[in-house]
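Below is one structure, written out as structure tokens, with a few remarks after it.
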Amino acid sequence: MYLSTGRASDIAGNTPAPKGPVRAVPGTVFALGLVSLVTDVSAEMVTAVLPLYLMAGLGMSPLAFGALDGLHQGATAVLRLAGGRIADRTRRHKLVAGTGYALSAACKAALLAVTTPWSVAAVLAADRTGKGLRTAPRDALISLSVPPGEQGRAFGVHRAMDTAGALLGPLAAFGVLWVAVDGYEAVFTVSCCVAVLGVVLLALFVREAPPPATAPAAAPARAARPAPPPVRTLLRLPGLRGLCLTAAVLGLFTVGDAFLYLLLQRRLDLPAAYFPLLPVGTAAVFLLAALPVGRLADRLGRRRVFLGGHVLLLGAALLLLAPVPAGAPLVFGVLAALGLFYATTDGVLMAAAGPLLPAGLRTTGLAVLQTAQALARFAGSLLFGSAWTLWGPGVALGLAATGLLLSLVAVAVFGGTRAERPS
């Protein structure tokens, strides 16, 4: 529930930003952004049609689909840690990330062969396995490619490109369905081809991370690599434990965007046909804000920007609770706040953690942080869904907003009162 105020925490949020004109990000960062863009187009094409395909096409109940979605979140969180451990043990970040991307691409092809709800669920679980394996090694490749003072900008570029894929994916899916009515197989086929393209781009243009600077220059090529330390040892690193606790306690009261979209639909009495456009609006704001916010985090401090993002999420919740007339201002306000929330938290958190971790432990450390946050958000989704069922959506959102406000106050108090130096 706090952020360390020691020297290591200063490194995470206060490393001097690059002076002079803005330089281009390294080629590895741009290549990984392109891979993520293409992969997200593929993934979001499937995600956009999946509820209709499973429930209308294959007859899965909404309750079963919700349980499946929750299971995927939890499984991905745990597998991120496994991917991080494997990458640090082998020093093969690109290979581990590529394995995850390739597995997800294979799952898009497998969707063409399965025809029952739970066989589809098994394929989707394998797809989440691929995502879990690749996330931490990919972020470690980004972090290891840039100096500490440019972490926020690098992650901002990557997340902007990633979000461009999330924006284009649903539009591509509906374009395919418009041409081929009820053509779920056509969507899966195009999605598979796009995913394969992402794997090819990774293989051709992404370079492996350089070896840790502390490694002896004349070390034998086949020298035994020490195993990464256990998680409890990583959590003793100055600042990392504080980041994990902060991300977890705030994640516990982070309302999932799907719930916010449902509440917004209720307020607007929005026809179901227009519902998929809500995530597109959020993705558009995220896309526009990711890079400027990343640079801002490098200058003002990543801790401040990360906490400010949760204030924006609290603002979105309060907008939905307030007696604001249902109309365009409400829609734009909620979607803008939600898009800015993702821009100020997703890559910024990784940028804050990267400089805290030695190069040889970067992947495992990022995976530990991602796992703590993802598991907390999974638990928060279950709690929010239970409160919605018991007391209704308004009470559930009010409780979540109260919990988030108290968590922000606790982080501000227990995180120390010393001001961050501009970075």
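- The side-chain heavy atoms of Glu208 and Leu141, taken from C-beta on, include a pair separated by under 4.5 Å.
- A donor atom on one side chain and an acceptor atom on the other are found under 3.5 Å apart for Arg134 and Ser104.
- To the nearest 0.5 angstrom, Asp298 atom CG is 11.0 Å from Phe155 atom CZ.
- Counting heavy atoms from C-beta outward, Val199 and Thr39 have side chains that stay 4.5 Å or more apart.
- Looking only at distances, a side-chain donor or acceptor of His310 sits under 3.5 Å from a matching main-chain atom of Phe306.
- The NZ atom of Lys131 lies 8.0 Å from the OH atom of Tyr101; values are rounded to the nearest 0.5 Å.
- Of all heavy-atom pairs spanning Val187 and Met45, the tightest one is CG1-O, 3.7 Å.
- Ring geometry, Tyr342 versus Phe286: the interplanar angle falls under 30°, so the pair is classed parallel (tilted spans 30 to 60°).
- Not one N or O on the side chain of Glu44 forms a donor-acceptor pair closer than 3.5 Å with the backbone of Pro170.
- Considering all non-hydrogen atoms of both residues, Gly130 and Leu103 come closest at N-CD2, 3.7 Å.
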(message) Go through it in stages, so that I can follow the logic: the residues are Leu167 and Val280, the test is side chain to side chain contact (heavy atoms under 4.5 Å, CB included), and I'd like the CA-CA distance, side-chain angles, deciding distance and then a yes or no.
(response) CA-CA 5 Å; Leu167 180 66; Val280 174; 3.2 Å; yes
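- Phe259 is not listed as a side-chain neighbour of Leu397, based on a closest heavy-atom distance of 4.5 Å or more.
- Between Thr363 and Leu144, every side-chain heavy-atom pair lies at or beyond the 4.5 Å cut-off.
- Here Asp127 pairs with Lys108 in a salt bridge; the nearest charged N to carboxylate O distance falls below 4.0 Å.
- When all heavy atoms of Leu314 and Ala401 are compared, the pair lying nearest together is CD1-O, 3.4 Å.
- The backbone N or O of Leu320 lies less than 3.5 Å from a partner atom in the side chain of Arg267, making a donor-acceptor pair.
- You'll find the side chain of Leu268 stays beyond 4.5 Å of the side chain of Gln265, heavy atoms only.
- Among all heavy-atom pairs drawn from Val249 and Ser407, the shortest one is O-OG, 3.8 Å.
- Put simply, CG on Leu168 and OG1 on Thr163 are 10.5 Å apart, with the number rounded to the nearest 0.5 Å.
- In terms of modelled atom types and a separation under 3.5 Å, the side chain of Thr364 and the main chain of Gly84 share a donor-acceptor contact.
- No donor-acceptor pair closer than 3.5 Å links the side chain of Ser42 to the backbone N or O of Val38.
- The shortest distance between side-chain heavy atoms of Ser143 and Gln151 falls below 4.5 Å.
- The SG atom of Cys107 sits 9.5 Å away from the CZ atom of Arg128 when rounded to the nearest 0.5 Å.
- Contact of the Leu250 side chain with the Leu404 side chain is registered, since non-hydrogen atoms from C-beta on lie closer than 4.5 Å.
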(request) Start with the C-alpha gap between Arg153 and Val146, add the side-chain angles, then the distance that decides, and say whether side chain to side chain contact (heavy atoms under 4.5 Å, CB included) holds. (result) CA-CA 9 Å; Arg153 186 169 64 95; Val146 294; over 6 Å; no
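- Side-chain contact check for Arg138 versus Val35: every heavy-atom pair is 4.5 Å or farther apart.
- If you take CG on Leu383 and CZ on Phe253, they are separated by 8.0 Å, rounding to the nearest 0.5 Å.
- Side-chain atoms of Arg362 come within 3.5 Å of backbone atoms of Leu357 as a donor-acceptor pair (strictly under, hydrogens ignored).
- Atoms CZ and CG, from Arg159 and Asp346 in turn, are 4.5 Å apart once rounded to the nearest 0.5 Å.
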(request) Decide yes or no on side chain to side chain contact (heavy atoms under 4.5 Å, CB included) for Thr282 and Asp257, but give the supporting numbers first. (result) CA-CA 9 Å; Thr282 297; Asp257 48 6; 5.8 Å; no
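- When all heavy atoms of Ser36 and Asp162 are compared, the pair lying nearest together is CB-OD2, 3.3 Å.
- Ala353 and Leu366 make their closest contact through CB-CD2, 3.8 Å (heavy atoms, listed as atom of the first residue, atom of the second, distance).
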(request) Show your reasoning for whether side chain to side chain contact (heavy atoms under 4.5 Å, CB included) applies to Leu201 and Val206. (result) CA-CA 8 Å; Leu201 291 173; Val206 175; over 6 Å; no
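- Here the rule is side chain to side chain contact (heavy atoms under 4.5 Å, CB included) with Thr371, and of Leu375, Leu369, Val368 only Leu375 fits it.
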